[in-house]
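Nothing here was measured: the structure is a model prediction, and the numbers come from that model. Below, all heavy atoms of this structure are taken into account, side chains as well, without hydrogens, waters or symmetry copies. Chain letters run A, B, ... following the sequence lines, proteins first, then strands; residues in each count from 1.
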4 protein chains.
Amino acid sequence: MAGSVNKVILVGNLGADPEVRRMQSGDPVVNLRIATSESWRDRQSGERREKSEWHSIVIFNEGLAKVAEQYLKKGAKVYLEGALQTRKWTDQNGNERYTTEIVLQKFRGELQMLDSRDDGNQQSQRSTQSSYTDQSGSYGASRDLDDEIPFAPEWR
Amino acid sequence: MAGSVNKVILVGNLGADPEVRRMQSGDPVVNLRIATSESWRDRQSGERREKSEWHSIVIFNEGLAKVAEQYLKKGAKVYLEGALQTRKWTDQNGNERYTTEIVLQKFRGELQMLDSRDDGNQQSQRSTQSSYTDQSGSYGASRDLDDEIPFAPEWR
Amino acid sequence: MAGSVNKVILVGNLGADPEVRRMQSGDPVVNLRIATSESWRDRQSGERREKSEWHSIVIFNEGLAKVAEQYLKKGAKVYLEGALQTRKWTDQNGNERYTTEIVLQKFRGELQMLDSRDDGNQQSQRSTQSSYTDQSGSYGASRDLDDEIPFAPEWR
Amino acid sequence: MAGSVNKVILVGNLGADPEVRRMQSGDPVVNLRIATSESWRDRQSGERREKSEWHSIVIFNEGLAKVAEQYLKKGAKVYLEGALQTRKWTDQNGNERYTTEIVLQKFRGELQMLDSRDDGNQQSQRSTQSSYTDQSGSYGASRDLDDEIPFAPEWR
DNA sequence: TTTT
DNA sequence: TTTT
C-alpha cells in the first residue's frame, strides 16, 4: 500500500543493560527495555502521582545495534525512533500470544544517546570504553553509509 | 520523571468501522483498528511483497472520539498521533495477558482525516452526514478549546 | 554533538508541480512548495477562518527525488519527513538573507503519496505514467537499498 | 483544510538564556535559540566534521512559557515539539524579509527538559530555583488542564 | 501557489 | 526494570 507511516518516537531510560543476540551472520541484534513516564497531580487527593510505561525495543539495524551494544547501559537516557510490530508466538501451554515491539530495521530508525558525556553517572556507565571521546555517540540509521558532507551540495 | 516522550505517529487505513463504547459519564470512547503496510522487492525471487501491520487505537479524547464516531468508516485513511500503552488482563483460563494499544488521551493526541471529500469511496463513507460541509474534518487535541486566532499574537 | 534531533513532519498539498534541477552528477534535486493549513472558529465573530502555511522542500535523496519527479503534481497530498536547514545568501542589493528549508538528505527523510490511486484528480495527475500500478508509490529513505524481507529475521 | 500536519521535533541545546517578553495580558512569550548538530566523517580527508543548525523558537503556550522562563538556561538540553511558521516583516531599508520560526501555540506543542537534575552543569543552571524538587520538569501542552488520572478510565 |  |  502506498501512503503508510508506522513510526514510534521515544525518549526514556533503559531499565537494564542491553541484551545482545547474534544473527546467523554474526551481526548483533539488540533488545532494550525502555521506560517512559508521566506524572500528574491527582484531582481528588492533590497528590503527585506517576506512571511508567515499559517498551520493548529490537534493533536489527547493524550500525545502531553496535552503538547500543557498546555505549548503552542500564539507566541511560536515549532518543529512539522505530516502527511498531506485533508478532505472534505460542506459549508453553500452546496458547497463541501476541507481543508488540518497537523495531529498528536495517537502514531505518534512529538512536541518540542523551546523557552528557561528563555526567558522573554516565562515566561509570562507560567505564569499559576507553576510546569513547573519539566517538560521536550520535547515530542516524545510515550514518555509516553517509560518510560525506551532508549539507554542502555541489550546485549551490 | 522529567524528560520523557512516548509518541506514535501512524498513517494508515481503518480495517473496520469504529467501535464506540460509552464512559459512565456518557462520553464516547472509540476503538479503531488501523493497518499500515510496507512493500519491498524480494532479493531472491525478485517479486514484490507486502506486509501489513495492525494497530489497536483507543480514543479517550472527547473531541477526537466524536470526530472518529461521526466521520470515520472502514477504509478511511487517517493521520493519527498517540501514546503507547500496554495493559495487563486475565484471559478465561486465568493466564496473564498483555495488550499494547495506542492511546489518545484527554487533551492529547491528534487525528486527521486524509481522504479527499469528493472521493467516491469517501462519499459513501459519509452518506449519513448531511451537514458535513460545515465541518472542518481537521482536529487537533484541543481544537475545541482553542477557538480563537491561533497565529496572531497581540504584540507582534 | 551527540544527542541531537532535527526533524520536520508535514502532511500537506503541493502548490505547484515539482521543480527539478540536476546535480553535476546528473542526479535530480527536487524543490517542492507544500501548504499546510489550520482552521478555527473566531471567538469574536464566530466565523470559520483559515490560515495556510507554505513550506519549501529540497530533496537531495536520490530515490525520493526520482519519486517526486515522476509521481507528484500540483495539488497532490503528501506525507514528508526531513530536517530544517537555514541557508544564507546575498540578494541583488548585497544584503544578507536567510532562507529556511526542509531538506531530505541522502539516505534520510521520507516521502509518501497520500492520494488514492483511483482518485479522479490523481488520475489526471499521473496520466503520463502508464505503468503506475506496478509501482508502490510508497518510499522510505532507503527502500532502494533494502530490497529484502524487512520483517523476517533469521533467528526468530 | 482537513488532513494537514505541520510538526517539528527537536532535541538540542539552548545557545543562550531564554528571552521573555510580555503579552498585553501579562502572559509571557518566550524566545529560544536552539542548536542541533550533525557530525560525519569526511570522505576525502577522513576527518570528523560537524555542522550546527540554529533554530528560533517562540513559545505562546502559557504553561510551557512559564516552564521555559523558570527552568531553562543557556546550555540546557531540551526535547521540543512545535509548528513551522514563516512571518513577513520589513527591514529598516523597506525590504520585505521572511523569518521562519518554530511556534508552540496555546494548548499545543511540547517541551521536555532532558538534563538530569544532579548534573553539575544543571546544578548551576538552576541555582536560583530553590523549590525545584517540588516540580515535575515534565510538561505537555495541557498538563495544567489535565490534572487527573490520565491512564485509569472508569470503564476498564 | 495547495487543499477542504 | 529506568528516571526525576
Side-chain angles (χ1 to χ4, degrees), chain A residues 10-19 31-40 48-57 72-78 80 114-115 119 121-122 125, chain B residues 1-6 71 86 112-119 122 126 132-139, chain C residues 10-19 31-40 48-57 72-78 80 114-115 119 121-122 125, chain D residues 1-6 71 86 112-119 122 126 132-139:
Chain A
L10 299 180
V11 174
N13 297 278
L14 272 71
D17 286 350
E19 280 181 35
N31 288 267
L32 306 177
R33 287 287 285 173
I34 292 186
T36 56
S37 58
E38 293 247 353
S39 71
W40 69 96
R48 182 145 286 280
R49 298 193 51 183
E50 182 167 342
K51 181 172 180 304
S52 287
E53 190 67 37
W54 287 97
H55 309 272
S56 292
I57 318 295
L72 297 182
K73 295 286 177 198
K74 177 176 175 175
K77 185 182 286 275
V78 295
L80 183 149
L114 296 180
D115 299 295
D119 184 340
N121 176 299
Q122 278 302 107
Q125 283 177 24
Chain B
M1 172 176 56
S4 182
V5 174
N6 173 359
Y71 300 119
T86 298
Q112 299 274 353
M113 302 168 57
L114 296 180
D115 300 293
S116 55
R117 293 182 190 177
D118 55 352
D119 184 342
Q122 277 303 105
R126 299 203 195 94
Y132 182 71
T133 49
D134 301 334
Q135 308 294 330
S136 92
S138 165
Y139 302 84
Chain C
L10 299 181
V11 174
N13 297 279
L14 272 71
D17 286 350
E19 280 181 37
N31 288 268
L32 305 177
R33 285 288 284 173
I34 291 186
T36 55
S37 59
E38 293 246 353
S39 71
W40 69 97
R48 182 144 287 282
R49 297 192 52 184
E50 182 166 342
K51 183 173 178 301
S52 286
E53 191 67 37
W54 287 95
H55 309 272
S56 292
I57 317 297
L72 297 182
K73 295 287 179 198
K74 177 175 174 174
K77 186 182 286 278
V78 295
L80 184 149
L114 297 179
D115 300 294
D119 184 340
N121 174 298
Q122 278 303 107
Q125 284 175 26
Chain D
M1 174 175 56
S4 181
V5 175
N6 173 0
Y71 300 117
T86 298
Q112 299 275 354
M113 301 168 58
L114 297 179
D115 299 294
S116 55
R117 294 185 188 174
D118 56 351
D119 185 339
Q122 277 304 105
R126 301 204 194 92
Y132 182 72
T133 49
D134 300 334
Q135 308 293 331
S136 91
S138 165
Y139 301 83

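Comparing F:dT1, F:dT2, E:dT3 by their nearest atom to the side chain of A:Ser52 picks out F:dT2. The side chain of A:Ser37 lies closest to F:dT3, out of E:dT3, F:dT3, F:dT1.
A distance of 11.0 Å separates CD1 of A:Ile34 from CG of B:Asn6, quoted to the nearest 0.5 Å.
Here E:dT3 presents its C1' atom at 12 Å from CG of B:Leu114, a figure rounded to the nearest Å. Summarising the geometry, the separation between NZ on C:Lys74 and P on E:dT1 is reported as 8 Å, rounded to the nearest angstrom. Between A:Leu10 atom CG and F:dT3 atom P the separation is 17 Å, expressed in whole Å. Per the geometry, CG belonging to C:Asn13 stands 5 Å off C1' belonging to E:dT2, to the nearest Å. Straight-line distance from the CD atom of A:Glu38 to the C1' atom of F:dT3: 14 Å, rounded to whole Å. With rounding to whole Å, C:Leu72 atom CG is found 16 Å from E:dT2 atom P. With rounding to whole Å, A:Asp17 atom CG is found 11 Å from F:dT3 atom P. Put simply, CG on A:Asp115 is 11 Å from C1' on F:dT2, counting in whole angstrom units.
D:Val5 places a side-chain heavy atom less than 4.5 Å from the side chain of B:Gln112.
In the model, C:Arg49 has no side-chain atom that pairs as donor or acceptor with a side-chain atom of C:Ser39 under 3.5 Å.
We find that C:Lys51 and C:Glu53 are joined by a salt bridge, their nearest charged nitrogen and carboxylate oxygen being less than 4.0 Å apart.
By the 5.5 angstrom centroid cut-off and the 30-degree plane limit, C:Trp54 is classified as stacked against the base of E:dT1.
A donor N or O paired with an acceptor N or O is not found under 3.5 Å between the base of E:dT3 and the side-chain atoms of D:Ser4.
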